[in-house]
Structure formats: C-alpha cells, structure tokens
Protein chains: 2
Amino acid sequence: MNIKNIGLRNIEVADTRICFIDGENGLLTYRGFNINDLVNNSTFEEVSYLLLYDELPSAPQLTEFDKRLKEARSLPKSIINSMMDRKKNASVMDVLLTSEIMLAEYDDINDTSKESELKRAINLIAKFPTIITTWNAIKNGREIIEADPRLSHAANFLYMLHGSKPSKEYERIMDILLLLHAEHSFNASTFAAREVASTKAHIYASVAAAIAALSGELHGGANMKVMEALLEIGSVDKTNEWVKEKVRKGERIMGMGHAVYKTDDPRALILKELSKKLSKELNTPWYEITRVIEETSKREIRTSKGIDIYANVDLYSASVLYMLGIPIELFTPVFAIGRITGWCAHIIEEKFAEAQPKPVLYRPSAAYIGRYCGTHGCKYVPLKDRGMKEIKI
Amino acid sequence: MNIKNIGLRNIEVADTRICFIDGENGLLTYRGFNINDLVNNSTFEEVSYLLLYDELPSAPQLTEFDKRLKEARSLPKSIINSMMDRKKNASVMDVLLTSEIMLAEYDDINDTSKESELKRAINLIAKFPTIITTWNAIKNGREIIEADPRLSHAANFLYMLHGSKPSKEYERIMDILLLLHAEHSFNASTFAAREVASTKAHIYASVAAAIAALSGELHGGANMKVMEALLEIGSVDKTNEWVKEKVRKGERIMGMGHAVYKTDDPRALILKELSKKLSKELNTPWYEITRVIEETSKREIRTSKGIDIYANVDLYSASVLYMLGIPIELFTPVFAIGRITGWCAHIIEEKFAEAQPKPVLYRPSAAYIGRYCGTHGCKYVPLKDRGMKEIKI
C-alpha cells in the first residue's frame, strides 16, 4: 500500500476519558479503575454505571440503576412479531441489529439531551439479552422465557437462555465475562459507533454500526472461530501438530495476537483461570487444548517469524462460554451484551465532549492509485465506439 | 482537544482506485472520468457499472447490467410484511437500514467470492428505490406500486413514488441527481462501510453502517435541513436578513462549506443550473432564495471570519429534489439510492484490494485524558464506603 496509516494503528482520532490501555505493560483500566480490581470487587451493573457516569455509584445510585435496567428488559410486541416472521437462517447478529434499530420507533429521537441519551443507554443494555434469547427461542421453536426481575443481569441472561436459574458460580462467571467485554477503547465496533455519532445520527444508528462491525470474524466473530478450532482439534494430544500445521501454512491462529497488547492481555489471564476451573470441574479437555494452542503458537511463531505473540481475550473466552452452555452462534452476541455499555459510553462522549475545538464529522482521506488522466480526467468514449465486448459480468 | 487528527482530516486511511477529488481545483473524477463528462454523456446505470467494474461497459455489458438491475427490483414478501407491522413514525432511513439487513437472509453469505459480492451490489442498487417507495406508500396508506421493467432506474423510482411516469426532462434530472450522488471518496458513510468491511463482516452489515452514518444531519441529512431553511425563509427578499442573523449568531448554514472542497463543488455547479431551470419553468422562488443564501453567506463569512466558504452538493440538490415532487423526508433516502453504488464499490475494494501489505482491521488509537491514577489504576472503594449520595441518575 502507498499509505502509511494501515488500519489507523496509533493514529489518535479523539480524546477519551473512558478507557486506558497500556499495551506494553498489559494494563487495562475503565474510567481509571484497574480491570483486576473491577473483576474482584464489582459487577457488570456497577461497571456499566461507572462507564456511563464516570464514577462509581453510591449504594442508592446503584439500586436505582439496577431497578431501571430490570424494568427495561422486556421487548415491544412488534419486535417479537418481526422476529417470528423472519427466515430461520437469519444470523443472530443481523436480528440483533434490526431489532435494535426498531427500538427507535418507541422513542422521541428528537430529544437529544444527555439525560435522554443515558436513558437510551440503560434501555439498550437492558434489552440486548432479551433480544438475543428471544430470537434463540424462536429460531429453535422453543417457548420464549420472560425476564425474571429477581435475577441479576448475568443470571437473568442465563435463565432466559436455558430456562433454569444458574448456580451462583455460573452467574458470577457470566458476570465476569460481561464485565471483561464491557469496554475496550477504540476497537473497530466502538470506532464505528463514534464515527456514526459524529454525523449526529441518533444513538440507535450508532449502535447499529457497532453491531455490524462486531459481526465480522476479525472482531467479535473471533471467539466463535476459536471454539470451532477447539472442537476440530478435539483432544490435547492432537493440538501441537494442529498448531504447527497452521503456522507452516502461514494461517492465522484465532485468539492469538492483538492490535494493541504487546504482552499478555489482562482479560485473557482472568479468563484462563476461569477456563481452567470449569474444565477441571466438568472434566473437559478445553482448557488444556487452549493452553497448548497458546504455548505452541507462541513458540512456533517466535521460531519462524522472530516475533512474540500473546493470547487475546477471545482465546480463553471461547471455552468458558462453551462450558457455560452457551451455543457457539451466540458467542459474538454475548460479546455485544457486554460491549453495548462501552458503545453507549463512547457515543455519549462523542456527542457531549467538552473538548475545544469540538469533535467534527470523521472524514478521512485516501491515497488515489487509479487512473488519473490529467487535470480533467480520462477521455469519455461514447458507448457506440467502445466495441462489443461480451465479458461475463 | 489534545489530538491533532480532528475528524481524521487529511489522514490517508487506504489506497483507492475509485474516486479522485482535487479540493483545491474543484475536480471530481469517478474511476478517472470527469464528473462533468459523465453528467453530459452517461446515465446512473452506466456510472454504476463503471464504479463497480473499473471500466466503462461495452453496449452488451451495459444491456446485461441493466437487465439484471431491472430483474432485481422487487422485494421479498416478508420484508414488505415487516414494514407493514412497523409504527408509522419510524424514520425512512431506519426502515431502509432494517430492510437492507433482512436481505442477508435471502443470500448465501458464506459465499464471499468477488463475483458474488458484485451480484449483491447489483441487488442492493436495484432494491433501494423499491424499499423507499414501498415504505412511503405504506406509511401514507397508499397502494404499493410495482416496479415497471420498461423504465430506467431514475424513471422507475419517480414512477413508484408518484404513480405516474415522469416526463423525459424529470427522468433526466433524477438520473443526474443519482449520478452526482453515486460516489464521493471517503465521506463518513463510505468510511463507515469500509470500516465494517475491514472486520470481514458481510456486505449487508457494511452497507447498514453506511446507512446509519448517512442518516446523520451533518452528512446525508443536510439536504433536508437546506429545504427546511428554504421553506422557513419563504421569499427572496427575506433571505439576506435570515443569513445575516445566522452568521451573527454563529450558527451553521447548511449546504455551505465542505471538508474537502476549497472552491466550488463541481456537483453544486451542475445542480445550480438544474435548480435555475426548474425554478423558471415552475415559477418558484427556490433557486433565487438558494442563490442569495450562497452569495450572502459567502460575503458575510468572508467579512466576519476572513475565510472563503462555498456551496456544497446539498445546497442546490434540496430545491431540485423538492421541485421534482420528492417529499422532504425522502431527500436523504434519495441520497442513499445514489450512494449505494459507491458504498458497494468501496466495500469490494476494501475486501479484494490487491495492495501489499493487505489492508487490516481499522483500529485507531485515542488520547487518554481521564484519571489515570498511576500504573495500576485508581483505588477501588467498596460500595459500603462510598456514602449514600442520592443524585438523580
């Protein structure tokens, strides 16, 4: 390529107060708080409050926030009807995207105050698990399970998905998974959300762009690809050879490497422990296979390319999600259930930034490498003088 | 702001062969061909072929392309049903977005060959006018008018919208409008489309992000805002004072100024002539009011800020669309009917770029301005020790 800014790596596109990543040292903070402290002490609900309001809530604030989330869980009937009319091969991410946009009809989108945007954020965080589990039930011809207001966000999602209340242990693991996925600075989906917000489109349009970006296999689709690899490998003794073959062919090993981290991703370290624990309890090979993928690919890539590569969040989240009984096709949607919080925080930051000068529409440039033909363009040849070429189009 | 790359202006994010803009000299070329030559000699269909295939079609190629467009105009029944179930206050852009994504269900999205992507592009170009006119009919309780395969893309759109065939003059003006909106390099919506394509999401997801970005008033919404201003002003003699008042208040005058052009936008010059012609024929004040907005705001802004500002594509497209009998709320959707071609060309370029190294996921950086609190983050205070602040959330 002629251009230097491939993938916009290290190009600072905005000021942000939301998330800090020190890729060299494996540090991740949400609004200044270390991800490890949040995992050890907090919940997805509290972290959502923190990300949206830029401070940890007081006890009454958290109670109120939690109440509003619970009250906003159910879906308008027309959105459920629309799901029922769809072809069953529709992808979950596409259903999430359309259902999310339909929510705009139930809102006065001309009210663009910050308070209203925060209400919309709560509404979206609350409804994502319902949209996904409702579609999953419809698709599989099962009864739609209503949300249970006695359950936490994480527990309620597992309840709506499986029809039974999860154990305290599974609830907590689900909670940590959502918390770890809630935010990660200017990743591709968050950047897409901010880009759309910069045009002054409504929040639902911004979130739609984020869902679209997350659906790609190089972004949110990576956790599915990891699990497909684990199932394909199937046992620990085959893992070494599988990885070596991939590296020999120059193929990408999903779950390894990250655009920002040049050391262990702190989220991967936490998920690795959870995967180990669950694998032991359930007597499955998934943790061990994943560990061998990590170690072998690290070693092989160091040997063949001379570079160090590390596990990212997707490598160990895959087996954890699988052992929680989440269908593989819901892995990326679960990522969205967590990340919707970060998307909303970023959209609101983009729209209400206090910085001077104000942020403007994202409108980058490109390096033109086509036929230029001087200052007026190429000579236009009339249709009749172009010959009768019948190339298959 | 701390950052230097506000709005990514002049940051080259990719190589492109599709469009060249010389903002200093007011030059715009599609695949090397001057926009003026295309307006004078070509049609939207031919320009769509040019943008997608990187060459002007031969006569048989254009015939085949046109046939495929005509065959692909009608919508699946389930998408029409879904529109019928929607609340009538749904925005047209939101309906376009959801309907567009639903098309993925009718496609084998696992087939990602370039040939299949080109077929999808033809399908999307063909269906955008149908989606928009179908929703417009449903919303207004009118009969849905089927596409007429004897009509060109432009004429068929006006026919489906109004229920009667347009004159040759109106057909040609509509055709020029679509052609002028078909492509414009890395504008916000096209960039959003490419960003989503960079994650390897399917083409429908990429286009969804583009529609989302176009819906913002700083991007595709600008033509509506211009027409609202024209109607608010109402007569030529009030225009001068209206503009002066805006400039005094430091408010933005929609339709004036552009991120790239530092002289007359060549599209605005073409639309200005069309607006003048239609205004004369129909004896309306819209051209004259627009002209006075342009001249007064140029003069006032030069005097007050010392900068030169020029009319952009939206300033004169507004009155042209209005005089063609297009409802204001369809102005931005009409922009999409043109721009879908450019979006598809860019998505395909992003996915099948021949450049080395290959394009990667767009993943920019940001300048962190929040509370950092040292190398491990701020001290986490347990909930019970945070006081009982009852701030309204």
Side-chain angles (χ1 to χ4, degrees), chain A residues 1-3 7-8 10-17 20 29 32-34 37 41 58 60 82 87 90 94 98 101 104-105 186 188 192 195-196 199-201 205 208-209 212-213 215-219 259 355 360-371 373 376-378 380 386 389-390, chain B residues 1-3 7-8 10-17 20 29 32-34 37 41 58 60 82 87 90 94 98 101 104-105 186 188 192 195-196 199-201 205 208-209 212-213 215-219 259 355 360-371 373 376-378 380 386 389-390:
Chain A
M1 296 180 83
N2 285 353
I3 60 141
L8 287 171
N10 300 316
I11 300 285
E12 293 183 345
V13 298
D15 289 350
T16 187
R17 299 174 55 82
F20 177 77
T29 66
F33 293 90
N34 190 302
D37 286 340
N41 299 289
S58 67
S82 150
K87 291 180 73 172
D94 291 348
T98 47
I101 274 285
E105 296 164 31
F186 280 60
E195 217 248 318
V196 170
T199 72
K200 300 206 177 185
S215 73
E217 71 173 55
L218 294 185
H219 188 11
V360 297
L361 186 81
Y362 289 106
R363 207 293 178 204
S365 181
Y368 184 67
I369 58 164
R371 32 177 138 75
C373 311
H376 292 287
C378 309
Y380 182 89
R386 282 182 220 152
K389 196 159 57 165
E390 294 236 28
Chain B
M1 296 181 85
N2 284 353
I3 60 141
L8 287 170
N10 300 317
I11 300 285
E12 292 182 345
V13 298
D15 290 350
T16 187
R17 299 174 55 82
F20 177 76
T29 65
F33 293 91
N34 190 302
D37 286 340
N41 298 290
S58 68
S82 149
K87 290 179 73 172
D94 291 349
T98 47
I101 275 285
E105 297 165 30
F186 280 61
E195 217 249 316
V196 170
T199 72
K200 300 204 179 188
S215 73
E217 69 172 56
L218 295 186
H219 188 12
V360 297
L361 186 81
Y362 289 107
R363 207 295 177 204
S365 182
Y368 184 68
I369 57 165
R371 29 177 138 75
C373 312
H376 292 287
C378 309
Y380 181 90
R386 282 182 220 153
K389 195 158 59 164
E390 293 236 30

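Lettering follows sequence order; numbering is per chain, from 1. A quick note: this is a predicted structure, and the numbers were derived from the prediction, not measured.
The minimum heavy-atom distance between Asp37(B) and Cys378(A), with the atom names listed, is OD2-O, 4.1 Å. Residues Thr199(A) and Val196(A) share a closest heavy-atom pair of OG1-O, 2.7 Å. Ala188(A) approaches Leu361(B) most closely through the heavy-atom pair CB-CD1, 3.9 Å.
Interface check for chain A: of the options Ala209(B), Ala213(B), Ser215(B), Ala205(B), the most heavy-atom pairs under 4.5 Å are formed by Ala213(B). Between chain A and the options Glu195(B), Lys87(B), Arg363(B), heavy-atom pairs under 4.5 Å are most frequent for Arg363(B). Comparing Ala104(B), Ala192(B), Ser82(B), Ala208(B) by heavy-atom pairs within less than 4.5 Å of chain A, the highest count is held by Ala192(B). Among the candidates Ala212(A), Gly32(A), Pro364(A), the residue making the largest number of heavy-atom pairs closer than 4.5 Å to chain B is Pro364(A). No other option in Ser365(B), Gly377(B), Gly216(B), Ala201(B) has as many heavy-atom pairs under 4.5 Å with chain A as Ser365(B).
Applying the ring pair (Phe, Tyr, Trp, His ring centres under 6.0 Å) rule to Phe20(B) yields the partners Tyr368(A), Tyr372(A); only residues at least two apart in sequence or on another chain are considered. Residues meeting the side chain to side chain contact (heavy atoms under 4.5 Å, CB included) test with Asn10(B), sequence neighbours left out: none.
At least one side-chain heavy atom of Leu8(A) sits under 4.5 Å from a side-chain heavy atom of Ile11(B).
Only the side chain of Thr29(A) comes within contact range of chain B, with heavy atoms under 4.5 Å apart. Heavy atoms closer than 4.5 Å to chain A are found in both the backbone and the side chain of Thr16(B). Contact of Glu217(B) with chain A is made through backbone and side chain together, with heavy-atom distances under 4.5 Å.
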